[in-house]
Amino acid sequence: MSDQNFADNKFQELTDDALADVAGGFDPTLDYTNALGYSGTVYTIKSGDTLAAIALKYGTTVPKLCLWNGIAKPDQIEEGMRIIVRLSSKAAAPSFDSPAL
């Protein structure tokens with residue numbers, strides 16, 4: 001295979017992956033701030049999704065997804081919910097400091 005064919009094939013693979021992510025509810029250009037004050041990349045829950053699978057796909061953990069999105073019961077997510085899957089690098093997480101004693 002020539003270098004050009006290899007490059008064309010690799011480009012197509014990357015394009016297909018990116019399109020699959022967008023079709024799956026992941027938009028890497030979307031920066032979203034939720035009601036809790038967390039900003040980041042948003043994902044729209046699809047039928048059959050679990051937080052464990054979403055966490056694995058986006059390199060995070062279920063407890064972080066729950067914290068960032070105010071989810072009390074991880075097994076009770078609903079299709080169509082929008083959740084933050086990656087925090088924005090330009091926004092700090094809200095502070096929950098306790099008052100000094």
Side-chain angles (χ1 to χ4, degrees):
M1 175 185 303
S2 74
D3 287 343
Q4 183 61 46
N5 284 342
F6 176 80
D8 290 344
N9 287 341
K10 186 51 81 177
F11 176 78
Q12 188 61 50
E13 286 175 27
L14 294 172
T15 302
D16 290 345
D17 288 346
L19 290 173
D21 276 344
V22 170
F26 173 67
D27 181 352
T29 65
L30 186 60
D31 197 27
Y32 171 79
T33 301
N34 67 12
L36 298 174
Y38 288 98
S39 294
T41 303
V42 69
Y43 174 83
T44 304
I45 304 287
K46 300 181 312 250
S47 178
D49 277 344
T50 65
L51 286 185
I54 294 167
L56 183 64
K57 181 174 182 178
Y58 294 103
T60 190
T61 65
V62 171
K64 285 181 181 178
L65 290 177
C66 289
L67 174 68
W68 299 339
N69 295 286
I71 298 171
K73 297 182 179 182
D75 58 334
Q76 293 184 352
I77 58 173
E78 297 178 9
E79 184 177 358
M81 282 178 66
R82 292 169 48 132
I83 63 169
I84 290 178
V85 293
R86 289 189 187 122
L87 289 184
S88 173
S89 60
K90 64 184 175 192
S95 173
F96 297 104
D97 295 333
S98 58
L101 299 176

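Heads up: numbering here begins at 1 and tracks the sequence.
Proximity of Val62 to Ile71: side-chain heavy atoms (C-beta onward) are nowhere separated by under 4.5 Å. Contact annotation: the side chain of Leu51 approaches that of Cys66 to within less than 4.5 Å [non-hydrogen atoms, C-beta and beyond]. The side-chain heavy atoms of Thr41 and Ile84, taken from C-beta on, include no pair separated by under 4.5 Å. Residues Tyr43 and Ile54 are in side-chain contact: their nearest non-hydrogen atoms beyond the backbone lie under 4.5 Å apart.
From Lys46, atom NZ reaches atom CE of Met81 across 14.5 Å, with rounding to the nearest 0.5 Å. If you take CD1 on Ile77 and CG on Asp49, they are separated by 6.0 Å, rounding to the nearest 0.5 Å. Atom CD1 of residue Ile45 and atom CD of residue Glu79 lie 9.5 Å apart, to the nearest 0.5 angstrom. Rounded to the nearest 0.5 angstrom, Trp68 CH2 and Arg86 CZ are separated by 9.5 Å.
When atom types are taken as modelled, the side chain of Asn69 and the backbone of Leu65 share a donor-acceptor pair closer than 3.5 angstrom.
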Output, in order, the C-alpha distance, side-chain angles, deciding distance and verdict of side chain to side chain contact (heavy atoms under 4.5 Å, CB included) for Val85 and Thr60. CA-CA 8 Å; Val85 293; Thr60 190; 5.6 Å; no
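The minimum heavy-atom distance linking Ala72 with Pro74 is given by the pair O-CD, 3.7 Å.
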